Amino acid sequence: MEKIRTRFAPSPTGYLHIGGARTALFSWLYARHHGGTFVLRIEDTDQERSTDESTKAILDAMAWMGLNCDEGPYFQAQRVDLHREMVQKLIKEDKAYYCTCTPEELEAKRKQALATGKKPKYDGTCRDKKLSKSDNSVVRFRGKQDGVTIVEDLIKGNIIFNNEELDDLIIERSDGYPTYNFAVVIDDAMMNITHVIRGDDHVNNTPRQILMYQALGFEVPKFAHVPMILGSDKTRLSKRHGATSVMAYKEMGYLPEALVNYLVRLGWSHGDQEIFSLGQLVELFSLDTVGKSPAVFNPEKLLWLNAHYIKEAHSDRLLTEMKPLWPAGINTGDDAFTKKVIADLQPRVKTLVELAATADFYFADKVSYETQAAQKFLVPDVVAHLKAIAAAIPALQTFSKDGVEEFLKAFTVEQNIKFKVIAQPLRVALTGKTVSPGIDEVMVTLGKDRVIKRINDAVAYIASGANATVQQ
RNA sequence: GGUCCCAUCGUCUAGUGGUUAGGACGCUGGCCUCUCACGCCGGAAACCAGGGUUCAACUCCCUGUGGGACUACCA
């Protein structure tokens, strides 16, 4: 069997979006699964809209997701000589012709046709004029007008098109650049792409492309059109539905494996399994199990997967991931301490950004109390307990989770109180909040010195009568 | 308008003629518990409609309906 070659061919007119990312992922997985080659080609023949920043953004996003390519990136605009050569070949063989219809004329005809209920396709005005190249001329492909073209799609099955529905599309613009539908055929053919995996917004282009493969004498590749990703209102996913940029998810504190796992399950499945590592995907992925229907993007499920992968992640890894996310002004320089903070928080956050936002109290020199929390729990009744705890801590042998738990338990027994009595006051003293990781965890992470200081601060705060002032 | 695609819980999906239609997210009741999460146990929630084919249709066929894509000198 010939070696499989797939490609991802984005146009650099913006960031890599969710839909493109999934297409890239499928294409990458297919190549990897079959031990084939994954090619990246930047389709930048639109001189107006293509930018280097976009190219970079796409490359960055693919790298972040772990979708490395074996060849490329190739740049389509650097291949125009080849495209023009092929255009000339077609002209020589009378399979393409020059056309001098102006965009205005065409637009008028289109409107006219639509208004009278006719097909808005090119009417073939210049088809047999045997024109030669002139200033604003374009080149059109001479399509077959009879018979049918069958797209054998690996996902959708056979799709049959009547050739009469297809019009003579422009393959070379007046600026001398090839159009997408032509360049994509030339490049896929010359790069020996065996499987064209792309969004199903391209199905209607496919029969014309097949005609061009045939006109050029190229072998037609296999096609696999993956269904679109829709927004919650079932229209094409766009910014209106929320973030659509892959890198925006990175910035919002998502792990790439969460995005990858989420994206692959949009359209593809493997029985009831939900969690897949990239390695597993490479092993299991198949086009046979890709569904035909479009999928609605569901941010909640992505969030759940992200929480799952954050829980699973090693704290060393998260330490690195968190580096750019900490808010300014807090000192996270002590890696050992920061890692403990991360470990406390990672089972209870859904994004890395949330982790950064909830970690503030660990790093604060002085805890700032939430008003309600302080009013309710930092009250005179608990002063004696807090003092006693602070006083006992220096003598503790094992300041571990178990050790602290044991100590607190013994303390409550000794004082003949329920743990509840001191739990929330202690939590507020230590964190300023009523919600936090377990008290034992917080104490261990903070370490004896910080714990003692914070308890003493709380005692002082209560003594100052600050709460009474607030209440008035 | 034309062409093409699609149709199982709100969402992602399993299902390939005979199932109490399964799982996951979300929602929800409970357990666990120092708070919050996590985790565990339970619940509500779906085969678009109508015709066929068949002993038997979610599953096959047709029509309708609904949704989507394309219809550029964009990709």
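Source: prediction; values computed, not measured.
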Legend entry - Spacing of A:H202 atom NE2 relative to B:U71 atom P, expressed in whole Å: 10 Å

Inset, instruction - Take the protein atom CZ of A:F297 and the nucleotide atom C1' of B:G26, then report the distance between them rounded to whole Å. - result: 15 Å

Inset, instruction - Go through the N and O atoms of the side chain of A:S436 and the base of B:C36, and report whether any donor-acceptor pair is under 3.5 Å. - result: no

Inset, instruction - May I ask you to say what A:D440 touches in the nucleic acid, namely base, sugar-phosphate or nothing, with a heavy-atom cut-off under 4.0 Å? - result: base

Inset, instruction - Would you indicate what A:I439 reaches in the nucleic acid, counting non-hydrogen atoms under 4.0 angstrom: base, sugar-phosphate, or nothing? - result: base

Inset, instruction - Please determine which of A:L352, A:T445, A:L355 meets the side chain to side chain contact (heavy atoms under 4.5 Å, CB included) test together with A:L345. - result: A:L355

Inset, instruction - May I ask you to verify if any side-chain N or O of A:R236 is less than 4.0 angstrom from the OP1 or OP2 atom of B:C70? - result: yes

Inset, instruction - Look at all strands and tell whether A:C101 reaches a base, only sugar-phosphate, or nothing, counting heavy atoms closer than 4.0 Å. - result: base

Legend entry - A:L230 side-chain proximity, nearest of B:C73, B:G68, B:C4: B:G68

Inset, instruction - Say whether A:D233 and A:T235, considering side chains only, have a donor N or O and an acceptor N or O under 3.5 Å apart. - result: yes

Inset, instruction - Using heavy atoms to find the nearest nucleotide of RNA chain B for A:N181 and A:E300 separately, return the residue whose nucleotide is more 5′. - result: A:E300

Inset, instruction - Sort out for me which residue in A:L386, A:V382, A:T412 forms a side chain to side chain contact (heavy atoms under 4.5 Å, CB included) with A:I422. - result: A:T412

Inset, instruction - Could you tell me the separation between the CZ atom of A:F75 and the CG atom of A:D187, rounded to the nearest 0.5 Å? - result: 13.0 Å

Inset, instruction - Return the nearest nucleotide to the side chain of A:N298; candidates are B:A14, B:C25, B:C4. - result: B:C25

Legend entry - Watson-Crick or G-U wobble mate for B:G42, both contacts under 3.5 Å: B:U28

Legend entry - Out of B:A69, B:A75, B:U13, whichever nucleotide has its closest atom nearest the side chain of A:D46: B:A75

Inset, instruction - Classify the nucleic acid contact of A:E165 as base, sugar-phosphate or nothing, counting any heavy atom under 4.0 Å across all strands shown. - result: sugar-phosphate

Legend entry - Between B:A21 and B:A45 - C1' atom distance, rounded Å: 13 Å

Legend entry - P-based separation of B:G26 from B:G66 [nearest Å]: 34 Å

Inset, instruction - Could you work out the separation of B:A46 and B:C41 based on their C1' atoms and round it to a whole Å? - result: 24 Å

Inset, instruction - Verify the contact: side-chain N or O of A:T45 to OP1 or OP2 of B:A75, cut-off strictly under 4.0 Å; return yes or no. - result: yes

Legend entry - Toward the 5' end of RNA chain B, by each residue's nearest nucleotide, A:V203 or A:D44: A:V203

Legend entry - B:G66: pairing nucleotide in any strand, Watson-Crick or G-U under 3.5 angstrom: B:C6

Inset, instruction - For the residue pair A:Y180 and A:N205, confirm or rule out a side-chain donor-acceptor distance under 3.5 Å. - result: no

Inset, instruction - For atom CD of A:Q372, decide whether the heavy atoms of other residues, nucleotides or ligands shown that lie under 6.0 angstrom number more than 12. - result: no

Inset, instruction - Considering only atom P, compute the distance from B:U65 to B:G29 and round it to an integer number of Å. - result: 43 Å

Inset, instruction - Would you mind reading off the distance between A:L166 atom CG and B:G2 atom C1', rounded to a whole angstrom? - result: 13 Å

Legend entry - Touch class at under 4.0 angstrom, heavy-atom based, for A:P294 against every strand present: sugar-phosphate

Inset, instruction - Among B:C12, B:C73, B:G2, find the nucleotide with the atom closest to the side chain of A:K119. - result: B:G2

Legend entry - Rounded distance in Å - CD1 (A:I229) to P (B:C5): 21 Å

Legend entry - Sugar-phosphate, base or nothing in reach of A:D167, heavy atoms under 4.0 Å: nothing

Legend entry - Among B:C12, B:G23, B:C73, the nucleotide that comes nearest once only the side chain of A:V138 is considered: B:C73

Inset, instruction - Using a heavy-atom cut-off of under 4.0 Å over every strand shown, decide if A:P227 touches base, sugar-phosphate, or nothing. - result: nothing

Inset, instruction - Quote, to the nearest angstrom, the C1' distance that separates B:G18 from B:U54. - result: 12 Å

Inset, instruction - Name the nucleic acid region contacted by A:S293, choosing base, sugar-phosphate or nothing; use a 4.0 angstrom heavy-atom cut-off, strictly under. - result: sugar-phosphate

Legend entry - Residue pair A:T23 / A:R198, side-chain donor-acceptor N/O under 3.5 Å: no

Legend entry - No-hydrogen, no-angle side-chain donor-acceptor test under 3.5 Å, A:S245 and A:K239: no

Inset, instruction - For A:G267, report the nucleic acid contact type (base, sugar-phosphate, nothing); a contact means any heavy atom under 4.0 Å. - result: sugar-phosphate

Legend entry - A:R110 vs B:A72: side-chain N/O to OP1/OP2 distance below 4.0 Å: yes

Inset, instruction - Determine the interatomic distance between C1' on B:A14 and the same-named atom on B:G22; round to the nearest Å. - result: 6 Å

Legend entry - Length of the line joining A:R348:CZ and B:C32:P, which is rounded to integer Å: 18 Å

Legend entry - Distance, P atom - from B:C31 to B:C36, rounded to whole angstrom: 13 Å

Legend entry - Nearest-nucleotide pick for A:F161, side chain only, options being B:C70, B:U3, B:A24: B:U3

Inset, instruction - Just name whichever nucleotide pairs with B:U59, Watson-Crick or G-U, keeping both distances under 3.5 Å, else none. - result: none

Legend entry - Strand partner of B:G17, provided both Watson-Crick or wobble distances fall under 3.5 Å: none

Inset, instruction - May I ask you to verify if any side-chain N or O of A:K234 is less than 4.0 angstrom from the OP1 or OP2 atom of B:A7? - result: no

Inset, instruction - Find the partner of B:U54: check Watson-Crick (N1-N3 plus N6-O4 or O6-N4) and G-U wobble (N1-O2, O6-N3) distances, both under 3.5 Å, and reply none if neither fits. - result: none

Legend entry - Value in whole Å for how far the P atom of B:C25 lies from CH2 of A:W304: 5 Å

Inset, instruction - Could you check A:H385 against A:I417 for side chain to side chain contact (heavy atoms under 4.5 Å, CB included), going step by step and ending with a plain yes or no? - result: CA-CA 10 Å; A:H385 293 318; A:I417 55 172; 3.9 Å; yes

Legend entry - Closest to the A:N204 side chain, choosing from B:A72, B:U35, B:C70: B:C70

Legend entry - C1' gap between B:G68 and B:C48, integer Å: 16 Å

Legend entry - Distance-only donor-acceptor test, A:N136 side-chain atoms vs B:C73 base atoms, 3.5 Å: no

Legend entry - Selection from B:C34, B:G68, B:U11 that lies nearest to any side-chain heavy atom of A:T235: B:G68

Inset, instruction - State which of B:C34, B:U35, B:U13 makes the closest approach to the side chain of A:S269. - result: B:U13

Inset, instruction - Name the closest nucleotide to the A:D272 side chain, picking from B:A75, B:A14, B:C73. - result: B:A14

Inset, instruction - Find the partner of B:G1: check Watson-Crick (N1-N3 plus N6-O4 or O6-N4) and G-U wobble (N1-O2, O6-N3) distances, both under 3.5 Å, and reply none if neither fits. - result: B:U71

Legend entry - Between C1' of B:A75 and CD of A:Q76, the distance in whole Å: 9 Å

Inset, instruction - For residues A:Y461 and A:Y369, establish whether the separation of their ring centroids is below 6.0 Å. - result: yes

Inset, instruction - Check every strand shown and say whether A:K121 touches a base, only sugar-phosphate, or nothing at a heavy-atom separation below 4.0 Å. - result: nothing

Inset, instruction - Mind calculating the distance between NZ (A:K156) and P (B:A7) to the nearest angstrom? - result: 8 Å

